[in-house]
2 protein chains.
Amino acid sequence: MPAPITEEQHRLDREALLDAAERLFYERGIQAVGMDEVRAASGLPLKRIYRFFAAKEDLVVAVLKRRDRRWRGDLAAHVERVPDPRERVLAVFDWLAEWFAQPGFRGCAWANAYGELGSSSEAVLAEVRSHKQAFHDQIAAWVRAAGVAVAEPVFLLAEGAIVTAGISGDPAPARHARAAVVTLLATPSSGTADALTELTASTSMDASLN
Amino acid sequence: MPAPITEEQHRLDREALLDAAERLFYERGIQAVGMDEVRAASGLPLKRIYRFFAAKEDLVVAVLKRRDRRWRGDLAAHVERVPDPRERVLAVFDWLAEWFAQPGFRGCAWANAYGELGSSSEAVLAEVRSHKQAFHDQIAAWVRAAGVAVAEPVFLLAEGAIVTAGISGDPAPARHARAAVVTLLATPSSGTADALTELTASTSMDASLN
DNA sequence: TAAGATAGGGAACGATCGTTCTCAACGTCA
DNA sequence: TGACGTTGAGAACGATCGTTCCCTATCTTA
(Lines give C-alpha, C1' and ligand atoms only; values in the text may rest on other atoms or scores of the structure.)
Protein backbone atom coordinates (compact mmCIF):
# COMPACT_ATOMS: atom_id res chain seq x y z
CA MET A 1 0.00 0.00 0.00
CA PRO A 2 1.62 3.24 -1.08
CA ALA A 3 -0.70 5.50 0.92
CA PRO A 4 0.77 6.34 4.36
CA ILE A 5 -2.42 7.73 5.87
CA THR A 6 -3.06 6.18 9.23
CA GLU A 7 -6.53 5.57 10.54
CA GLU A 8 -5.94 8.10 13.30
CA GLN A 9 -4.75 10.81 10.93
CA HIS A 10 -7.85 10.23 8.86
CA ARG A 11 -10.01 10.87 11.89
CA LEU A 12 -8.06 13.98 12.89
CA ASP A 13 -8.30 15.42 9.38
CA ARG A 14 -12.03 14.85 9.37
CA GLU A 15 -12.37 16.66 12.66
CA ALA A 16 -10.24 19.56 11.39
CA LEU A 17 -12.45 19.77 8.33
CA LEU A 18 -15.62 19.82 10.43
CA ASP A 19 -14.05 22.37 12.80
CA ALA A 20 -13.21 24.75 9.98
CA ALA A 21 -16.54 24.31 8.22
CA GLU A 22 -18.56 24.74 11.40
CA ARG A 23 -16.76 27.92 12.35
CA LEU A 24 -17.08 29.45 8.89
CA PHE A 25 -20.70 28.40 8.37
CA TYR A 26 -21.76 29.76 11.76
CA GLU A 27 -19.81 33.00 11.46
CA ARG A 28 -20.77 33.97 7.96
CA GLY A 29 -23.61 31.74 6.81
CA ILE A 30 -23.52 28.56 4.77
CA GLN A 31 -24.15 29.91 1.30
CA ALA A 32 -21.72 32.77 1.88
CA VAL A 33 -18.83 30.36 2.41
CA GLY A 34 -17.39 28.65 -0.64
CA MET A 35 -15.76 25.24 -0.62
CA ASP A 36 -12.44 26.85 -1.47
CA GLU A 37 -12.62 28.79 1.76
CA VAL A 38 -13.31 25.60 3.67
CA ARG A 39 -10.27 24.11 1.97
CA ALA A 40 -8.05 27.04 2.96
CA ALA A 41 -9.29 27.05 6.57
CA SER A 42 -9.04 23.31 7.04
CA GLY A 43 -5.69 22.92 5.31
CA LEU A 44 -6.99 19.90 3.44
CA PRO A 45 -6.87 19.60 -0.34
CA LEU A 46 -10.20 19.90 -2.09
CA LYS A 47 -9.89 16.36 -3.36
CA ARG A 48 -9.75 14.97 0.14
CA ILE A 49 -12.69 17.09 1.26
CA TYR A 50 -14.77 15.60 -1.51
CA ARG A 51 -13.66 12.13 -0.48
CA PHE A 52 -14.94 12.79 3.02
CA PHE A 53 -18.19 14.30 1.75
CA ALA A 54 -19.43 13.86 -1.79
CA ALA A 55 -21.15 17.25 -1.83
CA LYS A 56 -21.30 20.45 0.18
CA GLU A 57 -24.77 19.51 1.39
CA ASP A 58 -23.34 16.37 3.02
CA LEU A 59 -20.69 18.46 4.76
CA VAL A 60 -23.35 20.84 6.05
CA VAL A 61 -25.41 17.97 7.43
CA ALA A 62 -22.35 16.42 9.06
CA VAL A 63 -21.45 19.75 10.67
CA LEU A 64 -24.97 20.14 12.06
CA LYS A 65 -25.02 16.53 13.30
CA ARG A 66 -21.73 16.86 15.15
CA ARG A 67 -22.68 20.24 16.57
CA ASP A 68 -25.98 18.79 17.80
CA ARG A 69 -24.18 16.02 19.65
CA ARG A 70 -21.72 18.43 21.24
CA TRP A 71 -24.26 21.19 21.97
CA ARG A 72 -26.79 18.95 23.66
CA GLY A 73 -24.04 17.03 25.40
CA ASP A 74 -22.63 20.21 26.91
CA LEU A 75 -26.10 21.32 27.92
CA ALA A 76 -26.88 18.00 29.57
CA ALA A 77 -23.54 17.96 31.36
CA HIS A 78 -24.20 21.41 32.78
CA VAL A 79 -27.79 20.69 33.74
CA GLU A 80 -27.25 17.27 35.28
CA ARG A 81 -24.55 18.51 37.58
CA VAL A 82 -27.43 20.13 39.46
CA PRO A 83 -29.07 17.68 41.86
CA ASP A 84 -32.48 19.25 42.46
CA PRO A 85 -34.93 18.51 39.62
CA ARG A 86 -36.54 21.93 39.75
CA GLU A 87 -33.20 23.70 39.72
CA ARG A 88 -32.20 21.64 36.74
CA VAL A 89 -34.83 23.27 34.61
CA LEU A 90 -33.52 26.68 35.62
CA ALA A 91 -29.96 25.57 34.94
CA VAL A 92 -30.89 25.29 31.27
CA PHE A 93 -31.27 29.05 31.15
CA ASP A 94 -28.06 29.68 33.07
CA TRP A 95 -26.30 27.65 30.43
CA LEU A 96 -28.04 29.62 27.69
CA ALA A 97 -26.93 32.86 29.34
CA GLU A 98 -23.32 31.74 29.23
CA TRP A 99 -23.69 30.72 25.61
CA PHE A 100 -25.27 34.04 24.62
CA ALA A 101 -22.40 35.96 26.21
CA GLN A 102 -19.73 34.13 24.26
CA PRO A 103 -17.97 36.24 21.63
CA GLY A 104 -19.13 35.38 18.14
CA PHE A 105 -22.54 34.17 19.33
CA ARG A 106 -24.81 34.51 16.35
CA GLY A 107 -28.04 32.80 17.34
CA CYS A 108 -29.15 29.26 16.70
CA ALA A 109 -27.08 27.49 14.04
CA TRP A 110 -30.04 25.27 13.17
CA ALA A 111 -32.55 28.09 12.90
CA ASN A 112 -30.06 29.97 10.74
CA ALA A 113 -29.59 26.92 8.55
CA TYR A 114 -33.35 26.60 8.29
CA GLY A 115 -33.61 30.18 7.07
CA GLU A 116 -30.95 29.58 4.46
CA LEU A 117 -31.62 26.06 3.26
CA GLY A 118 -34.87 24.92 4.86
CA SER A 119 -36.74 25.16 1.59
CA SER A 120 -34.03 23.99 -0.77
CA SER A 121 -32.36 21.09 1.05
CA GLU A 122 -34.48 18.29 2.39
CA ALA A 123 -31.49 16.81 4.22
CA VAL A 124 -30.71 20.04 6.07
CA LEU A 125 -34.37 20.52 6.96
CA ALA A 126 -34.49 17.00 8.41
CA GLU A 127 -31.37 17.65 10.47
CA VAL A 128 -32.77 20.92 11.83
CA ARG A 129 -36.03 19.25 12.78
CA SER A 130 -34.18 16.38 14.38
CA HIS A 131 -32.15 18.75 16.55
CA LYS A 132 -35.16 20.77 17.64
CA GLN A 133 -37.09 17.64 18.47
CA ALA A 134 -34.19 16.28 20.53
CA PHE A 135 -33.76 19.59 22.36
CA HIS A 136 -37.49 19.68 23.03
CA ASP A 137 -37.45 16.14 24.39
CA GLN A 138 -34.50 16.91 26.66
CA ILE A 139 -36.32 19.87 28.16
CA ALA A 140 -39.56 17.93 28.45
CA ALA A 141 -37.81 15.17 30.39
CA TRP A 142 -36.23 17.63 32.84
CA VAL A 143 -39.51 19.50 33.29
CA ARG A 144 -41.37 16.25 33.85
CA ALA A 145 -38.79 15.22 36.43
CA ALA A 146 -39.48 18.49 38.23
CA GLY A 147 -43.01 17.31 38.75
CA VAL A 148 -44.84 19.88 36.65
CA ALA A 149 -46.61 19.56 33.33
CA VAL A 150 -45.45 22.69 31.56
CA ALA A 151 -42.79 21.38 29.21
CA GLU A 152 -44.03 23.28 26.17
CA PRO A 153 -43.77 26.84 27.49
CA VAL A 154 -40.31 26.17 28.90
CA PHE A 155 -39.18 24.97 25.49
CA LEU A 156 -40.79 27.94 23.74
CA LEU A 157 -39.16 30.36 26.18
CA ALA A 158 -35.79 28.80 25.45
CA GLU A 159 -36.34 29.04 21.70
CA GLY A 160 -37.54 32.61 21.97
CA ALA A 161 -34.53 33.54 24.08
CA ILE A 162 -32.09 32.00 21.60
CA VAL A 163 -33.52 33.71 18.54
CA THR A 164 -33.94 37.03 20.33
CA ALA A 165 -30.45 37.02 21.83
CA GLY A 166 -29.04 36.19 18.42
CA ILE A 167 -30.78 38.95 16.53
CA SER A 168 -30.46 41.62 19.20
CA GLY A 169 -26.95 40.66 20.29
CA ASP A 170 -28.06 41.04 23.89
CA PRO A 171 -27.86 38.07 26.32
CA ALA A 172 -30.63 39.48 28.54
CA PRO A 173 -33.37 37.21 27.11
CA ALA A 174 -31.83 34.30 29.01
CA ARG A 175 -32.56 36.09 32.30
CA HIS A 176 -36.07 37.06 31.22
CA ALA A 177 -36.87 33.52 30.15
CA ARG A 178 -35.46 32.14 33.37
CA ALA A 179 -37.62 34.45 35.46
CA ALA A 180 -40.71 33.37 33.53
CA VAL A 181 -39.84 29.72 34.09
CA VAL A 182 -39.58 30.39 37.83
CA THR A 183 -43.12 31.70 37.68
CA LEU A 184 -44.38 28.78 35.61
CA LEU A 185 -42.75 26.24 37.92
CA ALA A 186 -44.50 27.89 40.84
CA THR A 187 -47.98 27.69 39.40
CA PRO A 188 -50.34 24.83 40.26
CA SER A 189 -49.69 22.00 37.86
CA SER A 190 -51.59 20.69 34.91
CA GLY A 191 -55.15 20.21 36.11
CA THR A 192 -55.58 23.62 37.64
CA ALA A 193 -53.67 25.38 34.89
CA ASP A 194 -55.81 23.78 32.22
CA ALA A 195 -58.99 24.75 33.99
CA LEU A 196 -57.73 28.30 34.20
CA THR A 197 -56.87 28.26 30.52
CA GLU A 198 -60.31 27.03 29.60
CA LEU A 199 -61.95 29.68 31.71
CA THR A 200 -60.02 32.56 30.22
CA ALA A 201 -60.11 31.22 26.69
CA SER A 202 -63.87 30.82 26.73
CA THR A 203 -64.34 34.51 27.36
CA SER A 204 -62.03 35.65 24.60
CA MET A 205 -62.69 33.38 21.67
CA ASP A 206 -64.08 35.25 18.72
CA ALA A 207 -62.61 33.11 15.98
CA SER A 208 -59.73 30.74 15.38
CA LEU A 209 -58.59 28.03 17.75
CA ASN A 210 -58.81 24.39 16.88
CA MET B 1 -42.02 64.04 -22.66
CA PRO B 2 -42.01 60.84 -24.64
CA ALA B 3 -42.43 58.54 -21.65
CA PRO B 4 -46.11 57.68 -21.08
CA ILE B 5 -45.67 56.25 -17.61
CA THR B 6 -48.20 57.75 -15.25
CA GLU B 7 -47.43 58.29 -11.60
CA GLU B 8 -50.09 55.73 -10.70
CA GLN B 9 -48.68 53.07 -12.99
CA HIS B 10 -45.28 53.65 -11.47
CA ARG B 11 -46.68 52.93 -8.03
CA LEU B 12 -48.55 49.83 -9.21
CA ASP B 13 -45.46 48.43 -10.90
CA ARG B 14 -43.45 48.97 -7.74
CA GLU B 15 -46.04 47.11 -5.71
CA ALA B 16 -46.09 44.26 -8.22
CA LEU B 17 -42.33 44.05 -7.98
CA LEU B 18 -42.40 43.95 -4.19
CA ASP B 19 -45.24 41.39 -4.28
CA ALA B 20 -43.29 39.06 -6.52
CA ALA B 21 -40.03 39.49 -4.64
CA GLU B 22 -41.64 39.00 -1.24
CA ARG B 23 -43.38 35.82 -2.30
CA LEU B 24 -40.27 34.32 -3.89
CA PHE B 25 -37.91 35.35 -1.09
CA TYR B 26 -40.21 33.95 1.60
CA GLU B 27 -40.97 30.72 -0.25
CA ARG B 28 -37.50 29.78 -1.33
CA GLY B 29 -35.02 32.01 0.49
CA ILE B 30 -33.37 35.22 -0.63
CA GLN B 31 -30.09 33.90 -1.95
CA ALA B 32 -31.84 31.06 -3.74
CA VAL B 33 -33.85 33.47 -5.87
CA GLY B 34 -32.07 35.23 -8.71
CA MET B 35 -32.96 38.65 -10.01
CA ASP B 36 -34.00 37.08 -13.31
CA GLU B 37 -36.63 35.10 -11.45
CA VAL B 38 -37.89 38.27 -9.81
CA ARG B 39 -38.07 39.79 -13.27
CA ALA B 40 -40.07 36.88 -14.65
CA ALA B 41 -42.47 36.82 -11.69
CA SER B 42 -43.03 40.56 -11.61
CA GLY B 43 -43.37 41.01 -15.36
CA LEU B 44 -41.10 44.05 -15.22
CA PRO B 45 -37.98 44.40 -17.34
CA LEU B 46 -34.73 44.08 -15.47
CA LYS B 47 -33.83 47.65 -16.34
CA ARG B 48 -36.88 49.01 -14.56
CA ILE B 49 -36.24 46.83 -11.51
CA TYR B 50 -32.78 48.34 -11.20
CA ARG B 51 -34.27 51.80 -11.55
CA PHE B 52 -36.54 51.08 -8.61
CA PHE B 53 -33.73 49.54 -6.55
CA ALA B 54 -30.07 50.03 -7.37
CA ALA B 55 -29.10 46.62 -5.99
CA LYS B 56 -30.70 43.39 -4.84
CA GLU B 57 -29.90 44.31 -1.25
CA ASP B 58 -32.05 47.44 -1.55
CA LEU B 59 -34.92 45.34 -2.89
CA VAL B 60 -34.57 42.93 0.01
CA VAL B 61 -34.67 45.76 2.54
CA ALA B 62 -37.69 47.31 0.83
CA VAL B 63 -39.49 43.97 0.89
CA LEU B 64 -38.80 43.53 4.61
CA LYS B 65 -39.85 47.13 5.35
CA ARG B 66 -43.16 46.79 3.55
CA ARG B 67 -43.83 43.38 5.07
CA ASP B 68 -43.13 44.80 8.52
CA ARG B 69 -45.69 47.56 8.03
CA ARG B 70 -48.33 45.14 6.77
CA TRP B 71 -47.56 42.36 9.26
CA ARG B 72 -47.67 44.56 12.34
CA GLY B 73 -50.61 46.47 10.95
CA ASP B 74 -52.62 43.29 10.52
CA LEU B 75 -51.64 42.12 13.99
CA ALA B 76 -52.61 45.43 15.57
CA ALA B 77 -55.92 45.49 13.68
CA HIS B 78 -56.77 42.02 14.98
CA VAL B 79 -55.68 42.70 18.53
CA GLU B 80 -57.27 46.10 18.91
CA ARG B 81 -60.68 44.85 17.85
CA VAL B 82 -60.71 43.19 21.27
CA PRO B 83 -61.88 45.62 23.96
CA ASP B 84 -60.56 44.02 27.14
CA PRO B 85 -56.84 44.78 27.72
CA ARG B 86 -56.08 41.34 29.11
CA GLU B 87 -57.84 39.58 26.24
CA ARG B 88 -55.85 41.70 23.83
CA VAL B 89 -52.63 40.05 24.91
CA LEU B 90 -54.16 36.65 24.30
CA ALA B 91 -55.49 37.79 20.93
CA VAL B 92 -51.88 38.10 19.77
CA PHE B 93 -51.57 34.33 20.00
CA ASP B 94 -54.89 33.70 18.31
CA TRP B 95 -53.60 35.78 15.42
CA LEU B 96 -50.35 33.83 15.41
CA ALA B 97 -52.33 30.58 15.32
CA GLU B 98 -54.16 31.74 12.22
CA TRP B 99 -50.90 32.78 10.61
CA PHE B 100 -49.20 29.46 11.38
CA ALA B 101 -52.07 27.55 9.79
CA GLN B 102 -51.86 29.42 6.51
CA PRO B 103 -50.56 27.35 3.59
CA GLY B 104 -46.99 28.25 2.72
CA PHE B 105 -46.17 29.42 6.24
CA ARG B 106 -42.44 29.10 6.59
CA GLY B 107 -41.57 30.78 9.86
CA CYS B 108 -40.46 34.33 10.50
CA ALA B 109 -39.33 36.13 7.35
CA TRP B 110 -37.02 38.34 9.42
CA ALA B 111 -35.43 35.51 11.37
CA ASN B 112 -34.91 33.68 8.08
CA ALA B 113 -33.34 36.77 6.55
CA TYR B 114 -31.11 37.06 9.61
CA GLY B 115 -29.92 33.49 9.12
CA GLU B 116 -29.13 34.14 5.49
CA LEU B 117 -27.79 37.67 5.47
CA GLY B 118 -27.43 38.77 9.07
CA SER B 119 -23.67 38.56 8.94
CA SER B 120 -23.12 39.78 5.38
CA SER B 121 -25.56 42.66 4.99
CA GLU B 122 -25.58 45.43 7.53
CA ALA B 123 -28.73 46.90 5.98
CA VAL B 124 -30.68 43.66 6.27
CA LEU B 125 -29.49 43.14 9.83
CA ALA B 126 -30.67 46.63 10.76
CA GLU B 127 -34.07 45.99 9.20
CA VAL B 128 -34.45 42.69 11.06
CA ARG B 129 -33.54 44.33 14.36
CA SER B 130 -35.89 47.20 13.67
CA HIS B 131 -38.78 44.82 13.08
CA LYS B 132 -38.10 42.76 16.18
CA GLN B 133 -37.79 45.87 18.31
CA ALA B 134 -41.09 47.22 16.96
CA PHE B 135 -42.85 43.88 17.53
CA HIS B 136 -41.42 43.75 21.04
CA ASP B 137 -42.62 47.28 21.78
CA GLN B 138 -46.10 46.51 20.46
CA ILE B 139 -46.40 43.52 22.78
CA ALA B 140 -44.93 45.44 25.70
CA ALA B 141 -47.52 48.18 25.27
CA TRP B 142 -50.40 45.69 25.21
CA VAL B 143 -49.05 43.82 28.21
CA ARG B 144 -48.56 47.05 30.13
CA ALA B 145 -52.12 48.06 29.30
CA ALA B 146 -53.25 44.77 30.80
CA GLY B 147 -51.83 45.94 34.09
CA VAL B 148 -49.07 43.40 34.50
CA ALA B 149 -45.32 43.71 34.19
CA VAL B 150 -44.43 40.59 32.25
CA ALA B 151 -43.85 41.95 28.78
CA GLU B 152 -40.59 40.07 28.19
CA PRO B 153 -41.81 36.50 28.63
CA VAL B 154 -44.84 37.19 26.46
CA PHE B 155 -42.57 38.43 23.71
CA LEU B 156 -40.23 35.47 24.11
CA LEU B 157 -43.13 33.03 23.99
CA ALA B 158 -44.33 34.64 20.77
CA GLU B 159 -40.86 34.42 19.24
CA GLY B 160 -40.44 30.84 20.36
CA ALA B 161 -43.82 29.90 18.93
CA ILE B 162 -43.03 31.50 15.56
CA VAL B 163 -39.66 29.81 15.12
CA THR B 164 -40.93 26.46 16.38
CA ALA B 165 -44.05 26.49 14.23
CA GLY B 166 -41.92 27.37 11.22
CA ILE B 167 -39.38 24.62 11.67
CA SER B 168 -41.80 21.92 12.77
CA GLY B 169 -44.60 22.88 10.40
CA ASP B 170 -47.05 22.45 13.27
CA PRO B 171 -49.23 25.39 14.42
CA ALA B 172 -49.63 23.94 17.92
CA PRO B 173 -46.98 26.21 19.52
CA ALA B 174 -49.43 29.10 19.26
CA ARG B 175 -51.81 27.28 21.60
CA HIS B 176 -49.03 26.28 23.98
CA ALA B 177 -47.70 29.83 24.15
CA ARG B 178 -51.19 31.17 24.68
CA ALA B 179 -51.80 28.84 27.58
CA ALA B 180 -48.53 29.93 29.17
CA VAL B 181 -49.49 33.58 28.78
CA VAL B 182 -52.78 32.88 30.52
CA THR B 183 -50.80 31.56 33.45
CA LEU B 184 -48.40 34.49 33.44
CA LEU B 185 -51.22 37.02 33.26
CA ALA B 186 -52.79 35.37 36.28
CA THR B 187 -49.61 35.57 38.32
CA PRO B 188 -49.20 38.45 40.80
CA SER B 189 -45.79 39.44 39.52
CA SER B 190 -46.34 43.18 39.32
CA GLY B 191 -48.30 43.73 42.48
CA THR B 192 -51.57 44.32 40.70
CA ALA B 193 -54.20 42.11 42.21
CA ASP B 194 -57.66 41.08 41.22
CA ALA B 195 -59.84 38.09 41.97
CA LEU B 196 -58.25 35.78 39.45
CA THR B 197 -54.76 36.72 40.52
CA GLU B 198 -55.52 36.18 44.19
CA LEU B 199 -57.09 32.82 43.48
CA THR B 200 -54.11 31.51 41.54
CA ALA B 201 -51.57 32.91 43.95
CA SER B 202 -53.21 31.31 46.94
CA THR B 203 -53.10 27.87 45.40
CA SER B 204 -49.52 28.09 44.20
CA MET B 205 -47.66 29.17 47.28
CA ASP B 206 -46.20 25.76 47.95
CA ALA B 207 -43.61 26.14 45.24
CA SER B 208 -41.76 29.37 44.57
CA LEU B 209 -38.49 30.36 46.17
CA ASN B 210 -35.51 31.58 44.14
C1' DT C 1 16.80 0.87 -8.12
C1' DA C 2 12.74 0.59 -11.13
C1' DA C 3 7.88 0.60 -11.45
C1' DG C 4 3.54 2.01 -10.14
C1' DA C 5 -0.12 3.71 -7.51
C1' DT C 6 -1.77 7.60 -4.98
C1' DA C 7 -1.46 12.07 -3.08
C1' DG C 8 -1.57 17.19 -3.23
C1' DG C 9 -1.79 21.68 -5.65
C1' DG C 10 -4.30 24.16 -8.54
C1' DA C 11 -6.15 24.95 -13.09
C1' DA C 12 -10.35 24.14 -15.52
C1' DC C 13 -15.28 23.48 -16.31
C1' DG C 14 -20.00 24.48 -16.69
C1' DA C 15 -23.48 26.83 -14.35
C1' DT C 16 -25.35 30.76 -12.30
C1' DC C 17 -25.10 35.00 -10.01
C1' DG C 18 -25.86 40.35 -9.91
C1' DT C 19 -25.40 43.92 -12.92
C1' DT C 20 -24.72 46.49 -17.30
C1' DC C 21 -24.98 47.20 -22.18
C1' DT C 22 -26.75 46.85 -26.90
C1' DC C 23 -30.22 47.64 -30.06
C1' DA C 24 -34.42 47.91 -32.24
C1' DA C 25 -39.14 49.86 -31.55
C1' DC C 26 -42.07 53.59 -30.44
C1' DG C 27 -44.24 57.77 -28.96
C1' DT C 28 -43.57 62.81 -28.73
C1' DC C 29 -42.40 67.33 -30.25
C1' DA C 30 -39.96 70.73 -33.73
C1' DT D 1 -42.44 64.15 -41.36
C1' DG D 2 -38.06 63.56 -39.17
C1' DA D 3 -35.05 63.61 -35.29
C1' DC D 4 -34.75 62.57 -30.53
C1' DG D 5 -35.27 60.42 -26.10
C1' DT D 6 -36.90 56.59 -23.66
C1' DT D 7 -38.41 52.06 -23.40
C1' DG D 8 -38.47 46.81 -23.29
C1' DA D 9 -36.26 42.46 -24.35
C1' DG D 10 -32.48 39.97 -23.75
C1' DA D 11 -27.57 39.25 -24.74
C1' DA D 12 -23.27 40.01 -22.52
C1' DC D 13 -19.96 40.58 -18.78
C1' DG D 14 -17.10 39.58 -15.01
C1' DA D 15 -17.21 37.20 -10.79
C1' DT D 16 -17.94 33.23 -8.16
C1' DC D 17 -19.98 28.95 -7.19
C1' DG D 18 -19.62 23.59 -6.59
C1' DT D 19 -17.24 20.08 -8.61
C1' DT D 20 -13.83 17.58 -11.57
C1' DC D 21 -9.54 16.83 -13.92
C1' DC D 22 -4.61 17.15 -14.95
C1' DC D 23 0.03 16.81 -13.69
C1' DT D 24 3.79 16.12 -10.94
C1' DA D 25 5.94 14.64 -6.67
C1' DT D 26 6.36 11.12 -3.41
C1' DC D 27 6.15 6.87 -1.21
C1' DT D 28 5.72 1.56 -1.20
C1' DT D 29 6.93 -2.73 -2.86
C1' DA D 30 9.48 -5.97 -5.79
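Note that this is a predicted model, so its numbers are computed, not measured. In what follows, chains are A, B, ... by sequence order, proteins preceding strands, each numbered from 1.
Among the protein residues, B:Val33 comes within range of the sugar-phosphate backbone only, with heavy atoms under 4.0 Å from sugar or phosphate atoms but none that close to a base. Using a 4.0 Å heavy-atom criterion, one finds that B:Leu46 contacts the bases of the nucleic acid, with or without backbone contacts as well.
Picking from C:dA7, D:dT19, C:dT19 the nucleotide with the shortest atom distance to the side chain of B:Ala55 gives C:dT19. With D:dT20, C:dA7, D:dG8 as the candidates, the nucleotide lying closest to the side chain of B:Pro45 is D:dG8.
Between A:Arg51 and A:Arg39, the residue whose closest nucleotide on DNA chain C is further toward the 5' end is A:Arg51.
One atom, NZ of A:Lys56, and another, C1' of C:dA15, lie 15 Å apart when rounded to the nearest Å. Put simply, CG on B:Asp13 is 12 Å from P on D:dT7, counting in whole angstrom units. In this structure, A:Tyr50 atom OH and C:dA7 atom P are separated by 18 Å, rounded to whole Å. With rounding to whole Å, B:Asp36 atom CG is found 15 Å from C:dT20 atom P. In this structure, CG of A:Leu117 is placed 11 Å from P of D:dG18, rounded to the nearest angstrom. Between A:Gln31 atom CD and C:dT16 atom P the separation is 15 Å, expressed in whole Å. The CZ-C1' distance, from B:Phe25 to C:dG18, rounds to 12 Å in whole Å. If you take CD of B:Glu57 and P of C:dG18, they are 13 Å apart, rounded to a whole angstrom.
For A:Arg48, a side-chain nitrogen or oxygen approaches OP1 or OP2 of C:dG8 to under 4.0 Å.
Ring centers of A:Phe135 and A:Trp71: under 6.0 Å apart, within the cut-off.
Judged by distance alone, the side chains of B:Glu159 and A:Thr164 never bring a donor and an acceptor atom under 3.5 Å apart. Side-chain contact annotation: B:Gln133 with B:Asp137, donor-acceptor N/O pair under 3.5 Å present. For the residue pair A:His78 / A:Glu98, no side-chain donor-acceptor distance below 3.5 Å is found, with atom types taken as modelled.
Considering B:Val154, B:Val143, B:Leu75, B:Val82 in turn, B:Leu75 is the only one that fulfils the side-chain contact (heavy atoms from CB on, under 4.5 Å) rule with B:Val92.
Interface remark: the A:Lys47 side chain does form a donor-acceptor pair with the C:dG8 base, using a distance-only criterion of under 3.5 Å.
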